[in-house]
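Worksheet: the structure to be examined is printed underneath.
Both backbone and side-chain heavy atoms feed into the values below; hydrogens, waters and symmetry mates do not. From a predicted model like this one, the values you see are computed outputs, not experimental measurements. Index from 1, following the sequence.
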Amino acid sequence: MILRSAVRLMLPTIAFVAIFPTPSGSQEESPPKTVDYVDLERYAGLWYEIARMPNRFQDQCVRNVTAEYVLRDDGRIDVINRCVQEDGGDDQSKGLARIEDKTSNAHLKVSFFSIFGWRPVWGDYLVMGLGADYEYALVGTSDRKFGWILAREPHLSDSELEGMFDQLQDQGYEPGSFVPTLQVWESSR
């Protein structure tokens with residue numbers, strides 16, 4: 001309980017660092033390219049995290065990481081991230097996404113920090129790759145400091161994963177910086 005409280009208190013600082021990172025590398029490097037179009041109705045629902053670039057705001061997550069997207073009547077999207085912690089306890093973070101590029105729906109901003117309904121901190125959410133049947137998604141940020149591989153099923157074949165790593169490399173990501181997410185589900189899922 002103390003750890004969860006400490007993490008929640010640190011979220012504003014973590015979010016600030018994520019949004020306003022320290023400069024490094026070439027400032028002229030263009031951001032990753034997004035897919036041409038995301039059908040939000042098809043994108044909504046439950047996704048399993050297959051791999052991610054390590055980040056401080058998910059350090060407590062050791063397995064069964066998911067992201068759920070729920071479309072709202074106001075055009076925004078509820079984001080519910082869940083995982084299991086080392087002690088076996090569940091962790092859940094609720095956020096809000098807004099669409100930045102309404103032509104493609106592939107560039108969003110997400111916020112997990114709110115002060116009485118005001119959200120001063122928003123982070124990039126770029127859909128850089130998407131399966132033809134929305135069976136997987138590659139998500140990243142403009143500065144390439146964060147990245148996720150998501151899928152509709154908790155596991156992917158080696159060949160599917162290799163294809164996604166190729167796409168990430170084409171986008172300027174280093175596939176070796178992604179770590180696999182342990183997905184261990186009971187049959188009652």
Side-chain angles (χ1 to χ4, degrees), residues 1-19 42-72 76-97 108-114 119 121-131 133-141 144-165 168 173-189:
M1 186 59 106
I2 292 172
L3 178 60
R4 175 178 263 173
S5 296
V7 168
R8 298 243 189 271
L9 289 173
M10 291 174 50
L11 282 177
T13 303
I14 293 168
F16 183 84
V17 170
I19 301 305
R42 292 182 71 193
Y43 197 84
L46 184 65
W47 291 87
Y48 296 90
E49 182 184 273
I50 302 302
R52 69 173 175 259
M53 292 178 70
N55 58 70
R56 289 182 285 173
F57 51 88
Q58 284 185 282
D59 277 347
Q60 77 282 9
C61 296
V62 296
R63 69 179 181 275
N64 295 4
V65 181
T66 62
E68 185 174 4
Y69 305 102
V70 181
L71 302 181
R72 297 166 40 129
R76 296 183 294 177
I77 302 164
D78 286 323
V79 180
I80 304 112
N81 291 340
R82 295 181 180 98
C83 70
V84 175
Q85 301 173 89
E86 185 72 40
D87 66 3
D90 292 328
D91 183 70
Q92 178 174 292
S93 299
K94 292 184 179 180
L96 184 66
L108 297 92
K109 294 281 188 176
V110 180
S111 175
F112 285 93
F113 178 65
S114 174
R119 294 183 178 272
V121 180
W122 295 82
D124 267 339
Y125 184 104
L126 305 176
V127 181
M128 305 176 301
L130 195 56
D133 293 323
Y134 287 63
E135 70 275 17
Y136 74 85
L138 303 176
V139 177
T141 58
R144 293 180 180 83
K145 291 189 179 203
F146 301 96
W148 295 267
I149 298 174
L150 306 175
R152 293 297 189 175
E153 297 294 325
H155 304 284
L156 294 173
S157 71
D158 289 343
S159 63
E160 289 171 318
L161 200 52
E162 185 177 320
M164 288 179 215
F165 283 142
L168 286 167
Y173 276 86
E174 175 52 52
S177 64
F178 284 74
V179 296
T181 302
L182 181 61
Q183 295 285 1
V184 184
W185 294 91
E186 298 169 13
S187 60
S188 62
R189 168 170 65 98

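- Under the side chain to side chain contact (heavy atoms under 4.5 Å, CB included) criterion, P175 pairs with F165, Q169, sequence neighbours left out.
- By the side chain to side chain donor-acceptor pair (under 3.5 Å) test, E68 pairs with R82, sequence neighbours left out.
- Under a 4.0 Å N-O distance rule, the pair D78/R72 qualifies as a salt bridge.
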Checking side chain to side chain contact (heavy atoms under 4.5 Å, CB included) for the pair L126/V139: CA distance, chi angles, key distance, verdict? CA-CA 5 Å; L126 305 176; V139 177; 5.9 Å; no
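- Looking at W148 and W47, their side chains never come closer than 4.5 Å, going by heavy atoms from C-beta outward.
- Closest approach of H155 to Q183, counting heavy atoms only: CE1-O, 3.1 Å.
- Rounding to the nearest 0.5 angstrom, the gap separating the CG atom in D91 from the CD atom in E86 is 13.5 Å.
- Legend: residues meeting side chain to side chain contact (heavy atoms under 4.5 Å, CB included) with K109, ordered by chain and number and at least two apart, are R98, E100, H107, W122, D124.
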Take E49 and T66 through the test side chain to side chain contact (heavy atoms under 4.5 Å, CB included) and record every step on the way to the result. CA-CA 6 Å; E49 182 184 273; T66 62; over 6 Å; no
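- Of the possible polar contacts, none joining the D133 side chain to the G131 backbone as a donor-acceptor pair under 3.5 Å is found.
- Without hydrogens or angle criteria, N81 side chain to A67 main chain gives no donor-acceptor distance under 3.5 Å.
- Remark: S157 engages S159, E160 in a side chain to side chain donor-acceptor pair (under 3.5 Å) (not counting sequence neighbours).
- Note: L96 CG to F113 CZ = 14.0 Å, rounded to the nearest 0.5 Å.
- Of the inter-residue distances, the one linking F146 atom CZ with F57 atom CZ reads 4.5 Å to the nearest 0.5 angstrom.
- Put simply, CG on L156 and CE on M164 are 4.5 Å apart, with the number rounded to the nearest 0.5 Å.
- In this structure, the side chain of E135 does not engage the main chain of A151 through any donor-acceptor pair within 3.5 Å.
- Residues I77 and Y43 are not in side-chain contact: their nearest non-hydrogen atoms beyond the backbone lie 4.5 Å or more apart.
- For R76, the side chain to side chain donor-acceptor pair (under 3.5 Å) partners are D74, not counting sequence neighbours.
- Annotation for G140 and M128: closest pair N-CE, 3.6 Å, computed over non-hydrogen atoms.
- Of the possible polar contacts, one joining the S111 side chain to the V121 backbone as a donor-acceptor pair under 3.5 Å is found.
- The structure places CG of L46 at 9.5 Å from CD1 of I80, a figure rounded to the nearest 0.5 Å.
- Looking at R52, its side chain never comes within 3.5 Å of a backbone N or O of G147 through a donor-acceptor pair.
- The CE atom of M53 sits 9.5 Å away from atom CG of L168, with the distance rounded to the nearest 0.5 Å.
- Every residue was checked against the side chain to side chain contact (heavy atoms under 4.5 Å, CB included) condition with D158, not counting sequence neighbours, and none meets it.
- The aromatic rings of Y125 and Y69 lie perpendicular to each other, with more than 60° between the two planes, well past the 30° mark.
- A perpendicular orientation is assigned to the rings of W185 and Y48, their planes being inclined by more than 60° (bins at 30° and 60°).
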